[in-house]
Amino acid sequence: MFSSQVENESGERLGKGNIKYISGSYTLPISTKIDSLYRIRSWSATFTGKYSFFDDGRRVKQINPDDIVNAGVMLTHVRTIASRWNMVATTGVSLSAISDYIRMNSVALSAGVIFSYKVNNDLNVGAGVVVTTAYGEPLCIPVPFITWKREGKFLYELNMQGRPELKISTQLNPKVRLALSPFDAETFSAVIKTNGDNAVYMNNLFKATFGGSYHLAKKLSINADVGYIYYHKVKFVDRSFKSFWRNLFNSDGAYKYKPSFALTVGINYSL
């Protein structure tokens with residue numbers, strides 16, 4: 001993410017900062033069966049990891065840590081419970097920490113369940129709840145669920161399963177696919193120590209991206225995109241149940257990055 005000016009709540013310029021990160025994920029299928037309704041019943045485990053490091057000016061360095069480690073493993077079970085109803089159940093453990101302050105407080109447990117209704121072949125809607133210890137005390141969070149896909153010359157995909165994503169893509173030829181995403185989210189978080197107490201460092205951004213992928217082989221592709229970051233804020237939140245809800249839609253005390261650009265390059269491989 002290219003360098004951007006950072007301002008405090010009063011609009012005072014604190015200098016510039018940028019973020020570089022490397023991330024990866026792997027989903028391991030554990031079992032897949034066909035049930036009595038001829039639907040898939042599956043178990044899978046997903047492993048994720050992200051290492052981020054910050055290159056900041058002197059005053060911005062007082063806000064951001066030098067680096068952040070985010071990692072997790074999630075077990076997911078999907079099954080049909082009626083002709084149009086599906087259930088997705090998850091449980092997992094995650095780590096959100098700076099590299100020189102990894103404690104048990106940096107580890108969070110989570111579990112959730114979502115029920116979705118198949119409106120038609122393109123649209124699924126539903127809702128559920130997730131319980132997490134990311135804020136110390138067990139926190140119950142309602143979760144909306146929407147997946148929508150419309151295929152044709154262009155493929156339209158809307159995915160709201162925690163992190164919202166919207167993508168429009170087209171296949172130029174058997175090897176090249178282009179994609180536009182007007183809304184994509186990224187989060188960097190860590191449990192930190194401030195004034196002797198634990199707090200949650202939240203670095204959230206929204207960006208629009210345009211890029212493409214190129215298939216080198218049947219199971220191997222490379223991708224790259226350019227993004228425009230139009231919303232980027234940093235905030236420190238007390239690690240408590242009340243603090244989460246109090247700060248959910250409250251930007252008081254937040255530090256704001258000016259709009260900037262980002263470049264992402266990646267590899268996808270199917271085992």
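Here, residue 1 is the first one in the sequence, and each next residue gets the next number.
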- Under the side-chain hydrogen bond (donor to acceptor under 3.5 Å, both in side chains) rule, what do T27 and S44 come out as? Steps first, then yes or no, please. CA-CA 7 Å; T27 297; S44 63; over 6 Å; no
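Side-chain contact of T80 with N86: a donor-acceptor pair under 3.5 Å is present, judged by distance alone. Side-chain contact annotation: N120 with K118, donor-acceptor N/O pair under 3.5 Å absent. Using modelled atom types, one finds no donor on one side chain facing an acceptor on the other under 3.5 Å when comparing D184 with T209. Checking T187 against N204 by side-chain atom types alone, a donor-acceptor pair falls below 3.5 Å. The closest side-chain donor-acceptor pair between Y21 and E186 falls under 3.5 angstrom. In summary, the side chains of S169 and R177 do present a donor paired with an acceptor at a separation below 3.5 Å, with no hydrogens or angles considered.
Cluster annotation: I192 and I68 are assigned to the same hydrophobic cluster (Ile/Leu/Val/Met/Phe/Trp/Tyr, side-chain heavy-atom contacts under 4.5 Å, transitive).
With sequence neighbours left out, the ring-ring contact (aromatic ring centres under 6.0 Å, His included) criterion links F154 to no other residue. Residues passing the ring-ring contact (aromatic ring centres under 6.0 Å, His included) test with Y51, sequence neighbours excluded: F53.
With ring centers used as reference points, Y201 lies 6.0 Å or more from F188.
Both the sub-6.0 Å distance and the 45° axial angle are not jointly satisfied by K207 relative to the ring of Y230.
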